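First the structure, in the form of structure tokens, and then the observations on it.
Please read all numbers here as calculations on a predicted model, not as lab measurements. Chain A is the first sequence line, chain B the second, and so forth, proteins listed ahead of strands; every chain is numbered from 1.
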Protein chains: 2
Amino acid sequence: MLFSTASGYALRALAAMPEDGTYSLAKDLASLLDLPGPYLAKILQSLAQEGILHSVRGPRGGFRLARPAHHITVGEVVAALEGIETMSGCVMGFARCDNEDNPCPLHKAWNEVKAHMDASMTHVTIRDLQILDMQQRREVAGSRH
Amino acid sequence: MLFSTASGYALRALAAMPEDGTYSLAKDLASLLDLPGPYLAKILQSLAQEGILHSVRGPRGGFRLARPAHHITVGEVVAALEGIETMSGCVMGFARCDNEDNPCPLHKAWNEVKAHMDASMTHVTIRDLQILDMQQRREVAGSRH
DNA sequence: TTTTAAGAAGACAAGCCTATCCTTAATTGA
DNA sequence: TCAATTAAGGATAGGCTTGTCTTCTTAAAA
């Protein structure tokens with residue numbers, strides 16, 4: 001997996017949250033998606049601090065998307081949890097490796113990879129994941145019959 | 001960086017080893033490349049166990065490449081230290097994400113990325129890194145004047 | 001006002017990676 | 001044979017990620 005476990009959990013949880021303004025509970029999302037509850041709660045709290053989610057304490061509280069799902073990109077979520085440095089730097093860890101002077105043998109390939117992923121991550125939004133999420137949950141439900 | 005620190009160190013050390021059959025000491029490579037000596041020694045020992053290096057104990061011993069540099073691929077080194085699972089699995093950590101049924105929105109992009117990197121890693125060898133290594137050491141030497 | 005239902009925040013632990021150190025084993029050379 | 005040299009192996013420690021647990025705070029509902 002390219003992303004961290006936390007990012008994967010976050011994307012799945014965001015895709016499962018309704019957009020009707022109602023609040024979802026961390027533990028409900030966790031049991032729905034079969035994720036570790038306390039850990040998911042921490043992740044959702046981080047996303048709330050980053051302005052991706054809105055949270056309310058107390059009865060009938062919980063988490064909801066701070067913006068429409070199609071305005072939250074995958075890259076934004078990953079950056080909020082992992083920082084933006086994830087894919088920067090030389091693939092091989094060479095200190096002196098840049099475009100102009102002495103690129104490492106994997107430099108060109110890695111640059112194309114980065115550009116490709118970067119484009120995907122800024123264009124794919126949580127809304128795109130919602131469809132997938134529905135498909136997956138339908139299949140899981142079907143397999144239980 | 002895509003690879004682990006250990007893989008980066010390993011590639012740099014392998015690129016710096018002579019191919020004339022003589023043995024290099026872990027601590028010499030470490031000081032030449034400015035890497036943590038004991039840690040590099042562990043890494044080289046792992047590479048010896050994997051058959052990428054040949055090691056001899058005692059005076060005049062050390063490590064040498066077990067095969068010609070152009071027969072050792074970058075992918076082989078990374079796989080020896082990190083396992084082959086590094087780039088397998090869904091990018092987003094979705095359990096049910098495959099080519100046929102329900103690929104995740106990043107699935108296609110990630111597959112192209114994987115194919116690209118995989119091709120590079122099996123075609124680029126330690127010999128390709130030797131040229132880079134010479135360039136980098138020359139520059140470092142020059143910058144000290 | 002009291003109770004209850006939530007998130008927020010902190011401590012804590014397990015596991016992995018990075019890194020160091022110490023001891024042991026092997027090999028060479030005197 | 002003995003001393004020196006080198007890798008091999010194990011123990012240990014710090015940092016980060018994953019994950020759990022407990023306590024505190026907020027806010028709604030009774």
Problem set entry | pair A:L65-A:L14: side-chain heavy atoms closer than 4.5 Å | yes

For this session: Looking at every strand, decide which applies to A:A6 at a 4.0 Å heavy-atom threshold: base, sugar-phosphate, or nothing.
Result: sugar-phosphate

Exercise. Looking across every strand, which nucleic acid part, if any, lies under 4.0 Å from B:S24 by heavy atom: base, sugar-phosphate, or nothing?
Worked result: sugar-phosphate

For this session: Classify the nucleic acid contact of A:L44 as base, sugar-phosphate or nothing, counting any heavy atom under 4.0 Å across all strands shown.
Result: nothing

Exercise. Which part of the nucleic acid does A:P38 contact within heavy-atom distance under 4.0 Å: base, sugar-phosphate only, or nothing?
Worked result: base

For this session: Decide yes or no, distance alone: a donor-acceptor N/O pair under 3.5 angstrom between the base of C:dG10 and the side-chain of A:K42.
Result: yes

For this session: Whole angstrom is fine here: how far is it from CG in A:L25 over to C1' in D:dA28?
Result: 14 Å

Exercise. Taking atom P of C:dA30 as reference, at what distance in whole Å does atom CZ of B:R60 sit?
Worked result: 10 Å

Problem set entry | Side-chain heavy-atom pair B:V91, B:V113 within 4.5 angstrom cut-off | no

Exercise. Want to settle it: does B:T5 or A:G58 sit nearer the 5' end of DNA chain C, counting the closest nucleotide to each?
Worked result: A:G58

Problem set entry | 4.5 Å side-chain heavy-atom contact, B:S120 and A:W110 | no

For this session: Assign B:A26 to base, sugar-phosphate, or nothing according to its heavy-atom contacts below 4.0 angstrom with the strands shown.
Result: sugar-phosphate

Exercise. Could you state the OH-P distance from B:Y23 to C:dT28, rounded to the nearest angstrom?
Worked result: 10 Å

Exercise. Across the strands shown, which category fits B:F63 at heavy-atom distances under 4.0 angstrom: base, sugar-phosphate, nothing?
Worked result: sugar-phosphate

Problem set entry | Closest-nucleotide ordering on DNA chain C, the 5'-leading residue of A:Q49 and B:R57 | A:Q49

Exercise. In whole Å, what is the span from the OH atom of A:Y9 to the C1' atom of D:dG19?
Worked result: 9 Å

